[in-house]
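Each remark here refers to the structure printed beneath this line.
The basis for the numbers below is simple: all heavy atoms, side chains too, and nothing from hydrogens, waters or symmetry mates. To find a chain, count down the sequence lines: A is the first, B the second, and so on, and within it residues start at 1.
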Amino acid sequence: MSGAATFIEAFADEVGAEGPVAVGGGRTRWSVGGALDADARVLRAPVGIVDYQPEEMTVRVGAGTAVSDLHGVLAERRQRSALPERPGGTVGGALMVGESSRYRLGRGHVRDALLQAVYVGAEGQTVKAGGPTVKNVSGFDLCRALVGSLGTLGLVAEVILRTQPIADASEWRRADGVEPWSLPVRLATASAVLFDGTTTWVHLEGHPGDVASDAASIENEGFVRTDGPPEMPAHRWSLTPAALAGLDHDSENPYVAEVGVGTVHRTQAQPAPSLDPMALELNRRIKAQFDPTGRLNPGRLPF
Amino acid sequence: MLGRKRSSSRRTHDPCAAALIEAIGAEKVQVDSAHRALASRDASIYSGGSAGPLCFPTSTADVQACVRVAAEHGRAIVPRGAGTGLAGGTVPLGEPVVISTTRMNRIVEIDTDNRVAWVEPGVVNLDLTRQLAPLGFHFAPDPSSQQVCTIGGNVANNSGGPHCLADGVTTSHVLAIEVVLSDGQVVMLGGLEADSPGYDLRGCFVGSEGLMGIATRVAVRLTPDRPAVRTLLLAFDEVRDCAAVVGAVIAEGIVPAALEMMDKNTVVAVEAFVGAGYPTDAAAVLLVEVDGLDAGVSAHAARIAEIGRAGGATSVREAADDEERALLWKGRKTAFGAIARIKPDYYLHDTVVPRGALPDMLETIHDIVERHDLMVLNVFHAGDGNLHPILAFDGREPGVYDRVHDAGDEIVKASLAVGGTLSGEHGIGVEKRDYMTLLFSAADLDHQNRLRQAFDPFCRANPGKVLPSGHSCADIQALTAAPKSVWV
């Protein structure tokens, strides 16, 4: 605790109360939401696992810690988090970008992983959002406001994450020419169903017997074992799950869709979605409330 | 302020009420004292409320009209669902316009392609799940009050329930919300797309206890029913052993669908009420449900029974069929009703503690209650450490409210001292508002208030709740000064 308190204080001192400032993680999604203003100081968030309680299924970790390092430690107790692993990607970065892993169908949205965040506000004050327990409705849900905020409401120093058990069995299966749309409901162990217009990839995880029975149930549709998922194009589109069936083949802009979720990975970027004018106004008001001078991650905005 | 008319009268001297009648029709506005008295309370023992005109809108446009009239007359608004809240969240302070959602109770659309249902806020939780059953889906949050509580209330309180252990609470099951803000504007928060652009306004609104506006339409996620379910009842001679088995199951990497604990007092009350065959000689029982596919469910059920026996379980019973399972759950879900057979009044907190702290915490609660010469019944969501120590009492007994209040206060402080939190699923409302400073710093509360002010700059929506005075909007300080004598 005292170590954590010290690293939070040191981070708050670095952030200070004046001047444009940002936090850089692994910079795996550095361009999302616009380019950072050139005059912003770029800081690193604290690194390290502060407290891991496997039996509580929670872990307290510095936001600058690499997700792969965190997952390496959690894996020793057969646990993980819902955060996506990108080479070099950090815990804070994954939360601030708010993009879920490709296993969202089974493992949940990245925002559901965050239980508590300690962050530094625009005036240099240290703020705690949420709480350390796996269930908590005490006060307004600032954690949900932070996830996906691109660090524009506060600079996160340390978080408490919910962990999940790693399943005893997991495997990828693939088949060509099948209709993938009903698979997320038919397969109780499916944590990902991916579709590129021709090929379907299914990731099953759970009890070995359940994975085997789900795998057997789709064997006559031509599903065979495969090593892993396809290469994902770089850009993310956000559609409704039902809209995926209407995706057209486009050799200029191929896709891999997350069936049952609605995320589509494509080579070209999605045209900027238009926000409901009142929702846009609420976004602006939130930013103005938390960062009236616009010093946090200037140049980047999630809306 | 309001004319003291007989309940049959539609006439009123309150110009705001007259304007509401003008705006949405006399049949949708109640101004008589009987209706207002009913709307002045919820299911908690908090009785400091005082309702103004009570509106029953049937559309989003009606809600907008009510909100605009209230604003024109300088009155606050308080949304109200079924009134089952346990923290005074919908108890109106200062004669605000109370907006009941109970007539907005249509299931608008069930869209299995997107695994979503659009519902109005007054739809009853269990009615939705019953409608979904033939399609093989359900709405995952299942509070004990699910037979009467509304989806709008679930959204306001970010409600949980026994089966939220594996599936998560309401926020994980709400995709989009149409909201009327406190200035009467309508906004859609979130959406059915995988991710909505901008800040997670939807996530900010869920659990905001009516302080950010009124939900008028909600898109809820449909959860597929699992093919296999097994329900176990483990009995223990020692409360401590029972609590320790909770942590042991989770530590094994097993997250059951539900993991509920009941102590002897509760079991005796419940058994007399439903006759489910609960072991009334046990010191405590665990009700555990696992669901999924056959192999995993069988393996987990067997392992939980093993862990239970190794941890001191004297018996392990498995529900033989759906009927027996339903009976066991009926016992759990009607526990609060069963308690009325023992004492006429009850009061509870719903703090959460780390699972590992449960054995000690239950002893602490026992000591606190004994010291205050009260009776406690523990029936709670043990799997996520969410306590519900129910202090049962007879309000006619002189001085009993002070003892109940003091014991509750000590339970809250003891929970926070072991790294817990104030509320797991019931919300803060007015009842736990002044405890917020024990959990949050002035800077933390300031940021919560900033979020609220982004949605409601005028602090018109359900003022006086959640944030303690001094950390809330300045113009409602007068409202937040609830009299000390509200414990009636």
>> What part of B:Asn386 gets within 4.5 angstrom of chain A, counting heavy atoms only: side chain, backbone, both, or neither?
In response: side chain
>> For A:Asn136, which atoms come within 4.5 Å of any heavy atom of chain B: side chain, backbone, both, or neither?
In response: both
> Given that the side chain runs from C-beta out, which part of A:Ile286 has a heavy atom under 4.5 Å from chain B: side chain, backbone, both or neither?
Replying inline: both
> Is it the backbone or the side chain of B:Leu211 that comes under 4.5 Å from a heavy atom of chain A, or both, or neither?
Replying inline: side chain
> Where on B:Arg226 is there a heavy atom nearer than 4.5 Å to chain A: the side chain, the backbone, both, or neither?
Replying inline: neither
> So what's closer than 4.5 Å to chain A heavy atoms on B:Leu189: side chain, backbone, both or neither?
Replying inline: side chain
>> Can you tell me which portion of A:Thr163 sits under 4.5 Å from chain B's heavy atoms? Options are side chain, backbone, both or neither.
In response: neither
> Relative to chain B, which segment of A:Arg111 carries a heavy atom at a distance below 4.5 Å: side chain, backbone, both, or neither?
Replying inline: side chain
>> Quick check on B:Pro224 against chain A: is it the side chain, the backbone, both or neither that has a heavy atom closer than 4.5 Å?
In response: side chain
> For B:Gln185, is it the side chain, the backbone, both or neither that has a heavy atom under 4.5 Å from a heavy atom of chain A?
Replying inline: side chain
> Do the non-hydrogen side-chain atoms of B:Leu181 and A:Met278 ever get within less than 4.5 Å of each other?
Replying inline: yes
> chain A heavy atoms under 4.5 Å from B:His300: which part of the residue, side chain, backbone, both or neither?
Replying inline: neither
>> Would the distance check show the side chain of A:Arg144 and the main-chain N or O of B:Asp200 forming a donor-acceptor pair, the cut-off being under 3.5 Å?
In response: no
> Do B:Tyr435 and A:Ser138 have side-chain atoms, one donor and one acceptor, less than 3.5 Å apart?
Replying inline: no
> So which part of A:Leu301 gets closer than 4.5 Å to some heavy atom of chain B, the side chain, the backbone, both or neither?
Replying inline: side chain
>> Does any backbone or side-chain atom of A:Glu123 lie under 4.5 Å from a heavy atom of chain B? Answer side chain, backbone, both or neither.
In response: side chain
>> Need one label for A:Ser149: side chain, backbone, both or neither, based on atoms under 4.5 Å from any heavy atom in chain B.
In response: both
> Of the backbone (N, CA, C, O) and the side chain (C-beta and beyond), which part of B:Leu439 lies under 4.5 Å from a heavy atom of chain A, both, or neither?
Replying inline: both
> Looking at side-chain heavy atoms only, is the closest gap between B:Ser208 and A:Phe140 below 4.5 Å?
Replying inline: yes
> Side chain, backbone, both or neither: which part of A:Asp276 has a heavy atom under 4.5 Å from chain B?
Replying inline: side chain
>> Please classify the contact of B:Phe137 with chain A as side chain, backbone, both or neither, using a heavy-atom distance under 4.5 Å.
In response: side chain
> Pick from B:Ser423, B:Gly427, B:Gly203: which one has the most heavy-atom pairs with chain A under 4.5 Å?
Replying inline: B:Ser423
> Where on B:Val116 is there a heavy atom nearer than 4.5 Å to chain A: the side chain, the backbone, both, or neither?
Replying inline: neither
> Is chain B contacted by the side chain of A:Glu56, its backbone, both, or neither, given a heavy-atom distance below 4.5 Å?
Replying inline: both
> With a 4.0 Å cut-off, would you call A:Lys135 and B:Glu425 a salt bridge?
Replying inline: yes
>> What part of A:Pro184 gets within 4.5 angstrom of chain B, counting heavy atoms only: side chain, backbone, both, or neither?
In response: both
> Relative to chain B, which segment of A:Pro54 carries a heavy atom at a distance below 4.5 Å: side chain, backbone, both, or neither?
Replying inline: neither
> In terms of heavy-atom proximity below 4.5 Å to chain B, should A:Arg77 be classed as side chain, backbone, both, or neither?
Replying inline: neither
>> What part of B:Asp111 gets within 4.5 angstrom of chain A, counting heavy atoms only: side chain, backbone, both, or neither?
In response: neither
> So which part of B:Val352 gets closer than 4.5 Å to some heavy atom of chain A, the side chain, the backbone, both or neither?
Replying inline: both
> In terms of heavy-atom proximity below 4.5 Å to chain A, should B:Met188 be classed as side chain, backbone, both, or neither?
Replying inline: both
